[in-house]
Amino acid sequence: MLISLIVPIHNEQAGLARFWQAVSASLKQSGYTFEVVMVDDGSTDDSWQLISELTTADQSSFDVTAIRLSRNFGKEAAILAGLRRAGGNAAIVIDADLQHPPKLIPKMLELWDKGKIPIVEGVKHKRQHESSLKRVGATLYYRVFKLSSGLDMRGASDFKLLDRRVIDHYINLPETARYFRGLTAWMGFDSAAIEFEPPNREAGMSGWSIRNLLALARTTIISFSSLPLRIVTWLGLIGLIFSLGLTIQTLWYKWMGYAEAGFPTVILLILGMGSMILFGLGLIGEYIGEIYREVKRRPSYIVSDIHSTSDRGGNPGNEQPTDTELASLHSDDYE
Ligand code: UDP
Ligand code: MG
């Protein structure tokens, strides 16, 4: 049975050699056939050189494929590119910074093979040493995500084994914006968890800035739930009931002849209503933006180069149209 190992890589030159050693050691231990698919997600350091060297070096023990994306498309895109290329009966997605211990791979394979469990996930036992701001943010995010989508993602990581069936479903999902952890949970297959304590990063730096994390939180919540929109509707309804009451009271006062100046009330109401309307509009805008991105049907990534020790041919993991498709596109232009 063939097992594919998918490794998203962004500026990891400092730790790649150590990662490769650790992975080779634990792959050789277990008795399966492996292929390793390394996806360079637009690294600006020497990561691409290093991983493409691995495809020319004599790796008799397993096949290595190096895929280069044309720019940094983000980890989700890199994982998707790797899974599209994966030819195994199962695939394991693992980080290149050794924060996902390769020594757990044999245990994952055992659960999958002997236990017939389609998804085996690495679950973070304890959060890594992070600033308290990040920790508070993460807790808040997981709460909101669970509340809005019903999926509990606390401790979830991208360190996962997926059975072929699950991979096929995943790569055939129609959406462009993807959230690997969320979607695999959403698919609902049986899963088993292996706890691990993520060690600190061996080398290099985490590619996630606060801005990226906020953007991730926004898109994942929006793509998994329309609860925020419903909250706005409810707020609007409460506002409506409140203002109906206020209208009656105001008219009554006027008819009775004791209308008061009430200027501060007017200002407060205008400010309150105005900001609620703007907030609601902004939120709707976020959803429209997401719809806009999806309807454009742009590919999640573009492959600029691909090297492999085995040229199995087949699916090159590319979403770009083939030459014939391109030709027909152009001929349509001139008709
Ligand atoms: N990564 C990637 N593209 C990116 C950012 C990260 O492919 O834009 C890779 C990175 O090389 C690593 C994995 O994704 O193998 C996890 O990244 P990182 O360690 O920065 O994330 P964290 O561990 O903080 O979640
Ligand atoms: Mg990491």
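These numbers were taken from a predicted model, which means no experiment stands behind them. We count ligands from 1, going down the list as the structure has it; atoms in each ligand are counted the same way.
- Proximity to G74 (heavy-atom distance under 4.0 Å) selects the following atoms of ligand 1: 3 (N), 8 (O).
- Applying the 4.0 Å criterion to heavy atoms of N72 picks out, from ligand 1, the atoms 3 (N), 4 (C), 8 (O).
- With respect to the salt-bridge test (charged N to carboxylate O, under 4.0 angstrom), the residues E175 and R293 do not qualify.
- When the Mg ion (ligand 2) is compared with the N/O/S atoms of D97, atom OD2 turns out nearest.
- With S43 contributing its side chain and D45 its backbone, the two residues share no donor-acceptor pair below 3.5 Å.
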Discussion item. Determine whether D95 and K75 satisfy the following criterion, salt bridge (Lys or Arg N to Asp or Glu O under 4.0 Å), listing intermediate values before the conclusion.
Written reply: CA-CA 10 Å; D95 279 5; K75 185 181 179 186; 2.9 Å; yes
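- For atom 12 (C) of ligand 1, the choice among K75, K134, E12, M38 with the nearest heavy atom turns out to be E12.
- A donor-acceptor pair under 3.5 Å is absent between the side-chain atoms of E195 and the main chain of H125, judged by distance alone.
- Checked by atom type and distance alone, the side chain of E35 pairs as donor or acceptor with a backbone atom of G87 at under 3.5 Å.
- If you look at V39 next to ligand 1, there are no close heavy atoms at all, none under 4.0 Å.
- For the 3.5 Å distance criterion, the side chains of S70 and S304 fail to qualify, holding no donor opposite an acceptor.
- A donor atom on one side chain and an acceptor atom on the other are found under 3.5 Å apart for T44 and N11.
- Close contacts between ligand 1 and R201 involve ligand atoms 18 (P), 19 (O), 20 (O) [criterion: under 4.0 Å to a heavy atom].
- Looking at N212, D41, I9 and measuring to atom 4 (C) of ligand 1, the nearest heavy atom belongs to D41.
- Considering backbone and side-chain atoms together, A96 places an N or O closer than 3.5 Å to an N or O of ligand 1.
- Here D95 does not reach the Mg ion (ligand 2): none of its N/O/S atoms is less than 2.8 Å from the metal.
- Taking the six-membered ring where the residue is Trp, W20 and F62 present perpendicular rings, their angle passing 60° and hence far from 30°.
- Below 3.5 Å of separation, one finds an N or O of P8 facing an N or O of ligand 1.
- Compare D40, N11, D95 by their heavy atoms: the one nearest to atom 16 (C) of ligand 1 is in D95.
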